[in-house]
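Small disclaimer: the values here were computed from a predicted structure and weren't measured. We use all heavy atoms of the structure for the numbers below, so side chains are in, but hydrogens, waters and symmetry mates are not.
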Amino acid sequence: MTPGHFRYAWRLPHRDPLAYLDIDHFARLVRIAEDAKIDAVFLGDGPALRGEIEDAPGTGLDPLVLLGHLAALTSSLGVVITSSTTYNSPYNLARRFQALDHVTRGRAAVNIVTTGTPAAAANFGLSQHPSREDRYRRAHEFLDVVTGLWDGWDPGAIVADKATGRYGVPEKIRRLDHEGEFFAVAGPLPVPAGSQGRPVIVQAGGSEGGLSLAARYADVVFTVAQTVEKAVAFRADIRARAAAAGRSLRSRWAWWCWSPRRRRRRRCARRSCMRHCRSIR
């Protein structure tokens with residue numbers, strides 16, 4: 001999507017170098033994805049412009065805005081939106097994604113990252129980027145708050161009884177009253193859960209901190225494995241970590257990254273791949 005695994009593909013003669021800012025370009029891609037029965041589309045993100053803009057497109061449009069719009073153009077395609085636990089507040093994130101889950105009728109997912117880009121700090125009034133250890137401690141507490149907020153409404157909290165005039169049951173809506181190292185959040189959220197219960201949590205980090213976070217919170221783990229053996233070993237590892245965290249072995253999904261080339265003939269697909277590889281400086 002933006003800008004893809006071949007960051008220098010904008011140099012190819014038939015490519016529009018500004019496509020990553022063109023909503024029609026993305027609309028065409030999601031319609032292709034839905035017609036192909038793809039489950040979801042995934043967008044990365046980073047809250048700072050880095051030095052790569054000299055050579056290739058940067059991060060691109062805010063994925064929450066972009067994929068929220070694209071979800072309205074489809075009916076079954078999930079949207080996986082990258083968000084930072086270091087440069088967001090848990091209440092705002094929980095509310096935004098719960099709203100998106102209602103708007104998409106249960107197709108929203110959040111890809112949790114801790115942001116490793118030091119340049120982001122200055123965009124949020126910080127004098128320095130938090131350490132890796134601090135970022136992951138914050139991420140654990142962040143997701144405790146987010147999931148607590150999402151689970152704050154019990155079934156039957158809204159009765160909407162016109163005869164009695166009673167709309168809601170306050171006893172079935174719980175305050176969170178969280179007080180922690182990084183956050184103090186009262187809750188609850190203003191609306192109940194969407195049709196899928198709560199948005200899907202995705203985690204894509206492969207570090208020890210990222211794997212620990214995934215084992216405790218993630219519904220889906222996104223990874224890159226160059227061989228089948230490495231993929232099987234990764235799945236076994238993440239399931240063992242999830243079990244150690246008290247979670248079901250079979251409820252964790254692993255998504256493998258791959259870059260398909262669709263052409264009528266194998267040699268045409270290979271030529272397409274080689275053209276993209278040659279675009280890399």
Side-chain angles (χ1 to χ4, degrees), residues 40 42-47 63-64 67 78-101 106-117 120 124 129-153 174-194 196-223 237-249 251-255:
F42 173 103
L43 274 182
D45 191 42
L64 185 66
L67 286 179
V79 289
V80 185
I81 298 165
T82 298
S83 293
S84 172
T85 57
T86 304
Y87 298 110
N88 271 299
S89 74
Y91 185 90
N92 277 341
L93 185 141
R95 188 182 185 196
R96 288 197 302 266
F97 276 87
Q98 184 152 294
L100 185 64
D101 212 36
R107 293 184 283 141
V110 55
N111 174 46
I112 291 296
V113 298
T114 63
T115 303
T117 307
F124 293 86
H129 187 55
S131 69
R132 177 187 292 269
E133 293 74 17
D134 286 348
R135 295 200 313 272
Y136 276 106
R137 279 207 327 280
R138 177 186 167 103
H140 278 264
E141 186 180 340
F142 190 105
L143 287 175
D144 279 340
V145 173
V146 167
T147 54
L149 290 168
W150 283 342
D151 295 338
W153 287 58
R174 298 182 304 281
R175 288 171 59 94
L176 184 63
D177 289 327
H178 173 88
E179 295 277 351
E181 178 184 1
F182 296 97
F183 307 109
V185 181
L189 291 175
V191 296
Q196 69 170 333
R198 69 185 195 188
V200 171
I201 296 175
V202 181
Q203 204 282 329
S207 68
E208 184 62 31
L211 294 174
S212 174
L213 195 69
R216 184 171 176 185
Y217 299 101
D219 304 301
V220 174
V221 183
F222 181 82
T223 188
D237 178 58
I238 201 66
R239 285 182 172 176
R241 291 172 183 265
R247 304 180 74 198
S248 169
L249 293 177
S251 63
R252 310 280 70 74
W253 290 79
W255 283 356

- Query: Is any side-chain N of the basic residue among R138 and D134 closer than 4.0 Å to the acidic one's carboxylate O?
  - Reply: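 Not counted as a salt bridge, because no side-chain N and carboxylate O are separated by less than 4.0 Å.
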Please give me the minimum heavy-atom distance between [X] and [Y], naming the atom from each residue.
X: P90; Y: V146; answer: O-CG2, 3.6 Å
X: F97; Y: A109; answer: CE2-O, 3.5 Å
X: A215; Y: A245; answer: O-CB, 4.0 Å
X: L143; Y: T147; answer: O-OG1, 2.7 Å
X: L43; Y: T82; answer: O-OG1, 2.6 Å
X: E141; Y: E181; answer: OE1-N, 3.2 Å

Once rounded to the nearest 0.5 Å, what's the spacing between atom [atom1] of [X] and atom [atom2] of [Y]?
X: L189; Y: Y91; atom1: CG; atom2: OH; value: 5.0 Å
X: R135; Y: L213; atom1: CZ; atom2: CG; value: 12.0 Å
X: S89; Y: R95; atom1: OG; atom2: CZ; value: 11.0 Å
X: N111; Y: F222; atom1: CG; atom2: CZ; value: 8.5 Å
X: I112; Y: S83; atom1: CD1; atom2: OG; value: 6.0 Å
X: L149; Y: D144; atom1: CG; atom2: CG; value: 11.0 Å

Is a side-chain donor or acceptor of [X] paired with a backbone partner of [Y] at a separation under 3.5 angstrom?
X: D101; Y: A108; answer: yes
X: R174; Y: D151; answer: yes
X: W150; Y: A94; answer: yes
X: Q98; Y: G194; answer: no
X: Q203; Y: A218; answer: no
X: R247; Y: R216; answer: yes
X: H129; Y: T115; answer: yes
X: R175; Y: A186; answer: no

- Message: Classify the ring geometry of F183 against F142: parallel below 30°, tilted from 30° to 60°, perpendicular beyond 60°.
- Response: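 F183 vs F142 ring planes: perpendicular.
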- Message: Could you go through Y136 and T85, starting from their C-alpha distance and side-chain angles, then the distance that decides it, and tell me whether this counts as side chain to side chain contact (heavy atoms under 4.5 Å, CB included)?
- Response: CA-CA 9 Å; Y136 276 106; T85 57; over 6 Å; no
- Assess whether side chain to side chain contact (heavy atoms under 4.5 Å, CB included) is satisfied between I81 and L100, documenting all intermediate values. CA-CA 11 Å; I81 298 165; L100 185 64; 3.4 Å; yes
